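Notes follow the structure.
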Amino acid sequence: MNAQLKPETQPIRINGQRLWDSLMEMARIGATPKGGVCRLALTDLDRDGRDLFARWCKEAGCSISVDKMGNVFARRPGKDNSLAPVVTGSHADSQPTGGRFDGIYGVLGGLEVIRSLNDHGIETDRPIEVVIWTNEEGSRFAPAMVASGVFAGVFTLEYGLSRADVDGKTMGEELARIGYAGDQPMGKPIHAAFELHIEQGPILEAEGKTIGVVHAAQGQRWYEVVFTGQESHAGPTPMPRRRDALLGAARVIELVNRVGLEHAPYACATVGMIQNHPNSRNVIPGRVFFTIDIRHPEDAVLAEMDRKVREGVARIAEQTRLEVTRLEQIFYYAPIAFDKACVDSVRAAAERLGYSHREIVSGAGHDACYLSKVAPTAMIFVPCVDGISHNEVEDATPEWIEAGGNVLLHAILGRVDR
Ligand code: HGY
Ligand code: MN
Ligand code: MN
């Protein structure tokens, strides 16, 4: 301990080992062979993770409530429970080949804040709530961040509950099936919100910085596309007569990548999902479904990328004599600027705790992006190994995990007074 500082001026800290152990225990739910997790939204495994979180929160003295989109709120009472709470949390659902930290780190980091306040016997004026936001990933049910979007009034409840997976199961049906179709109305006052997350990119690790002070998040647009050509025999059908839907999709995949590269260094452009029909080796594909994901920190550039994608899809369809049966933008939000006072709280906490830090823009979407529409919000990043995420090898050091938890604790403490 720093000798010249009296003990009480040393900032309190979380129990890093307890947070790490909780993350590793949670990672056993949906554990995959390569060391990641697969806890797709509203599956039995998602339910099991929610149940474990709720049990731990009750053991820490919290009450649990669930809203109509299945968002789980663990509430630590304050001295005055009529005051709007300070909120933290993230998501518990994962990608199919997800990692042990994406989302759940922000959920269990919030729980560790509660546990640490209990350890230190600290009572706060305001209540504190730790939230699991349903279906942040947008993998099983598109789009992403649906439930925080309904909470923030961006989507209607009817829209949210009607999102369906590839088997036609809706979020409403699956929430009821796993027992998380809550009765709480959507939306409520929040005094301030913080989300703790791994960066999911390479910047912090490359620069040797422990904390990312997230002041903004890039905007994104998601599309669903269906090309229709004509199934026919791969042998007797002469090349000039073909209407090959997969050829068209292949050219759009190249186009999307080019649009991303043309708007370097910040643009991102991805085709991540494709369904080829009938997907038989000796049948010329007659129909292909695929997705497009484009992102940029400036809305005008994102709009320019949108225009180029749409023009390119039309041009390629004409060249390959395909019908554009569907080109639908299913998700869009403009770049987000987080709340200056909350961002300052994060920076001040990192400085007080002596962590190296830098300002950073989030490349990924997060529930905090929608929360920022209804409450002063900011995010805290820590590095991840090689910047890899949405991959079973996703990893972080216990030191980074502890540092992020400490910054979250002090950012929250800076906002819990009346
Ligand atoms: O797509 C995203 O940015 C987030 O992982 N849902
Ligand atoms: Mn995430
Ligand atoms: Mn993710």
Side-chain angles (χ1 to χ4, degrees), residues 23 26-27 30 32 36-42 46 49 71 88-110 131-149 152 154-155 160 163 193-201 212 214 216-224 260 266-273 291-297 302 329-336 360-372 377 379-384 387-396 401 404 408:
L23 281 163
M26 180 66 79
T32 59
V37 296
C38 176
R39 280 198 306 268
L40 292 183
L42 306 185
D46 187 15
N71 298 315
T88 188
S90 188
H91 59 96
D93 66 302
S94 79
Q95 290 288 337
T97 53
R100 297 174 296 168
F101 302 95
D102 178 2
I104 199 66
Y105 171 45
V107 174
L108 298 182
V131 189
I132 286 180
W133 298 104
T134 301
N135 188 53
E136 185 280 340
E137 288 292 5
S139 177
R140 182 183 175 195
F141 302 97
M145 300 140 55
V146 167
S148 53
V154 172
F155 306 119
R163 296 309 85 205
F194 297 96
E195 180 170 356
L196 174 62
H197 209 287
I198 52 171
E199 178 200 339
Q200 301 182 293
V214 189
Q218 63 180 348
Q220 45 184 299
R221 290 174 184 262
W222 287 14
Y223 308 81
E224 291 184 346
Y266 299 116
C268 295
T270 314
V271 173
M273 190 174 178
T291 62
I292 298 172
D293 172 330
I294 57 173
R295 307 189 189 200
H296 200 279
L302 191 59
Q329 179 179 278
I330 65 159
F331 184 44
Y332 161 66
Y333 65 83
I336 303 277
I360 194 167
V361 176
S362 176
H366 299 283
D367 295 304
C369 294
Y370 278 151
L371 267 191
S372 70
T377 303
M379 292 190 74
I380 303 158
F381 276 175
V382 297
C384 54
I388 298 289
S389 182
H390 284 192
N391 183 317
E392 293 164 275
V393 303
E394 178 188 280
D395 202 1
I401 292 299
L408 179 65

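Model, not experiment: these values are computed from the prediction. Counting convention: from 1, in listed order, for ligands and their atoms alike.
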Does Arg295 use its side chain to pair, donor to acceptor, with the backbone of Gln218 at less than 3.5 Å?
-> no

Any N, O or S atom of Glu136 closer than 2.8 Å to the Mn ion (ligand 2) = no

Evaluate the side-chain contact (heavy atoms from CB on, under 4.5 Å) criterion for residues Met26 and Leu108: first the C-alpha distance (whole Å), next the side-chain angles of each, then the deciding distance (0.1 Å), finally the verdict.
-> CA-CA 9 Å; Met26 180 66 79; Leu108 298 182; 3.9 Å; yes

Give the atoms of ligand 1, by number and element, whose distance to some non-hydrogen atom of Ala364 is under 4.0 Å.
-> 3 (O)

Residue pair Gln220 / Leu302, side-chain heavy-atom distance below 4.5 Å | no

Atoms in ligand 1 flagged as close to Glu136, the criterion being non-hydrogen separation under 4.0 Å = 4 (C), 6 (N)

Side chain to side chain, Asn135 and Arg163, heavy atoms closer than 4.5 Å | no

Heteroatom test (N, O or S) for His366 near the Mn ion (ligand 2), limit 2.8 Å = no

Taking the non-hydrogen atoms of Arg295, is any one of them nearer than 4.0 angstrom to ligand 1?
-> yes

Is the closest N or O pair between Gln95 and ligand 1 shorter than 3.5 Å?
-> no

Would you say the side chain of Phe381 lies within less than 4.5 Å of the side chain of Ser362, judging by non-hydrogen atoms?
-> yes

What is the name of the N/O/S atom in Asp102 that sits closest to the Mn ion (ligand 2)?
-> OD1

Considering the heavy atoms of His390, write down every atom of ligand 1 situated less than 4.0 Å from one of them.
-> 5 (O)

Evaluate the side-chain proximity of Arg221 to Ile292: yes if any heavy-atom separation is below 4.5 Å, no if none is.
-> no

Metal site the Mn ion (ligand 3): N/O/S of His390 inside 2.8 Å | yes

Backbone or side-chain N or O of Gly365 under 3.5 Å from ligand 1 N or O | yes

In Å and rounded to the nearest 0.5 Å, what is the CE to CZ distance from Met145 to Phe155?
-> 7.5 Å

